[in-house]
Amino acid sequence: MFLYALLSLVLLVGFAAGVLSDGVVALSGAWRLQTHPARLVNDFSQIAGPGAALVNATLVAAIALVLIWRSQISLSGPTIAAFFTVLGFGLFGKTPLNVIPIIVGVAISARVTRHTFGEYILIALFGTALGPLVSAIAVEAGLAGIPAIAAALVGGLAAGFLLPPVAMAMLRLHQGYNLYNIGLTSGFLALFAASALRAAGLTLGPGGEWNASPSPLLVYLIPVLSVLLIASALVLGRGKIFGNLLEITRNSGRLPSDFVSSVSHGGALLNMGIMGIGFWAYVLVIGGDLNGPVLGGILTIVGFASFGKHPRNCWPIVVGVAAATLVFGRSLSDAGPLLALLFGTTLAPLAGEFGWKLGIVAGFIHLVMVLQTGAWHAGITLYNNGFAGGLTAALLVAIIEWRRTNQKKTEGFRSNRT
Amino acid sequence: MNRKDFILHLIGELSHFVLDADPTRMVISLHQESTGFHLAIIDDTVRDDLELEGIRAALNKSQRPELAGYYGSMAGYDLLGEARLDLIGWQIKHADVSATGQGTKIDLWLGSDEFDPTNFTITSEDE
């Protein structure tokens, strides 16, 4: 119950801060966001104001929290990660209206295959990455009124229905070394969806809005959250949390690594707080914009700090992305490289399992990939980094597996085993 | 997933775990009934009490449907890193882990509420 209370408090404070900062404008702005195309990268804090973005994000995250509670699934590492991911992407792409068809589609898939919704809840929550597909069909397809709503609904339901089988197949491709597995899954599905929309004559060009001067409300959001998480850790864990944190950093982080149940609530919360403040400080130091998408990236890191990420397995990825950024003559504070650095930590398990050198290589390749993949799916999936990370992980895992398989064969012959 | 595929994945992950210790002998035994099945795996790796307790804990995880239904599908597929018994633990009814004197025996029980595990034990000849 403590975690439910904590996350509810986060939502209440976020919603109240949004409303108090912008007043009625925040509510009307949040309503306006429901009919925005929402494809990558559209910063809701620029489109409708920081208050509206916060109101929208807390409403989407409230849906996630209610679904977890109603499904009687324990609030632990994976569900906390899903909660913060949904909250973060509520600042730049997810809205209550565009996520519901996806969730219902996954629920239908569960029903058809005789599973409970609880068994597929993580796929449903992370799968809301395809929310812009619903928005794009409704708003950009040239339809109006009921046909637009019906087409968007069908598109969302179909995408949600297909998510579970594809998600499980994608897990086997990278073997748990890409934390955002639904990123790879939704990217894969978005390739087909974008092709279908283009074949129907739609022009899904690049676009988007970026808030280059975020308000103090956004700038100080992460420090406040991190202090709350660290204080909660101290209350829960007392003197043991630092030992627990050490234990967490020994974990490779490979999917599924639930730090809450395998180590402790306190240790996981401390890790979340430290990761949040650490990446916030990085953005501040390089002069990046602490706007909707960047906060979304940090909030996703905070969530996954209970489910796979920690300082030891993340730093090599950060170094790899930063090195690639500088090698290719880009600035660390540019939107693309900055988001790649934050979301690129999806590859942290590669560094955790195979060492920091491979982590740096993975980070380097990730930046090269992620700057191209967005155009492939026209921003229909919000987890572009999860998609690029999945491709990078699949490549590296295939090479490592091939190398190890052949090494083992040689060892076997040397020792005369059959 | 049908029963045959499910059993194959369980055997895959369990064999992965046993073979990580490089045994010279591994025996897999399966007894099926309409209401459930018993899968046993025996090796000649002698493990201490702490190791046995670790295996027991991993295989007797509390019910985690959100992990079993999604990440549990990796059991028997992901052969690159270390074997992960918790992928099995989320999906089965119960597991017994014991030292045989010359090695270790792991019994997995899976089935419906009507399934009676007492009807399915490895006989001494099997061992």
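Computed over heavy atoms, backbone and side chain alike; hydrogens, waters and symmetry mates excluded. Here is the naming used below: chain letters follow the sequence lines, and residue numbers restart at 1 for every chain.
- If you tally non-hydrogen atom pairs under 4.5 Å between each of A/E119, A/R254, A/Q175 and chain B, the highest count goes to A/R254.
- A/R172 approaches B/S73 most closely through the heavy-atom pair NE-O, 3.8 Å.
- The parts of A/E401 that come within reach of chain B are both its backbone and its side chain, each placing non-hydrogen atoms under 4.5 angstrom from that chain.
- For chain B, no part of A/F117 is nearby; none of its heavy atoms comes within less than 4.5 Å.
- In this structure, B/E82 and A/S252 have side chains that are not in contact, with every pair of non-hydrogen atoms separated by 4.5 Å or more.
- Using a 4.5 Å cut-off between heavy atoms, A/L255 contacts chain B through both its backbone and its side chain.
- For a residue to count as touching a neighbouring chain, one of its non-hydrogen atoms must lie under 4.5 Å from one of that chain's; by this rule A/P256 touches chain B with backbone and side chain alike.
- The environment of CG in B/D48 is crowded: more than 12 heavy-atom neighbours from other residues, nucleotides or ligands sit within 6.0 Å.
- To the nearest 0.5 Å, atoms CD (B/E66) and CD1 (A/I123) are separated by 11.5 Å.
- In this structure, OH in B/Y71 is found 5.5 Å from CG in A/L122, a value given to the nearest 0.5 Å.
- For chain B, the nearby parts of A/I182 are the backbone and the side chain; heavy atoms of each come within less than 4.5 Å.
- The nearest pair of heavy atoms linking A/Y120 to B/G69 is CE2-O, 4.1 Å.
- Using a 4.5 Å cut-off between heavy atoms, A/S261 touches chain B through its side chain atoms alone.
- Among A/T79, A/N181, A/T113, the residue making the largest number of heavy-atom pairs under 4.5 Å with chain B is A/N181.
- Counting heavy-atom pairs closer than 4.5 Å to chain B, the top residue among A/G176, A/S71, A/G118 is A/G118.
- One distance of note links CG of B/D86 with OG of A/S262; it measures 9.0 Å at 0.5 Å rounding.
- Separation of atoms CG (A/L171) and CE (B/M74) is listed at 5.0 Å; rounding is to 0.5 Å.
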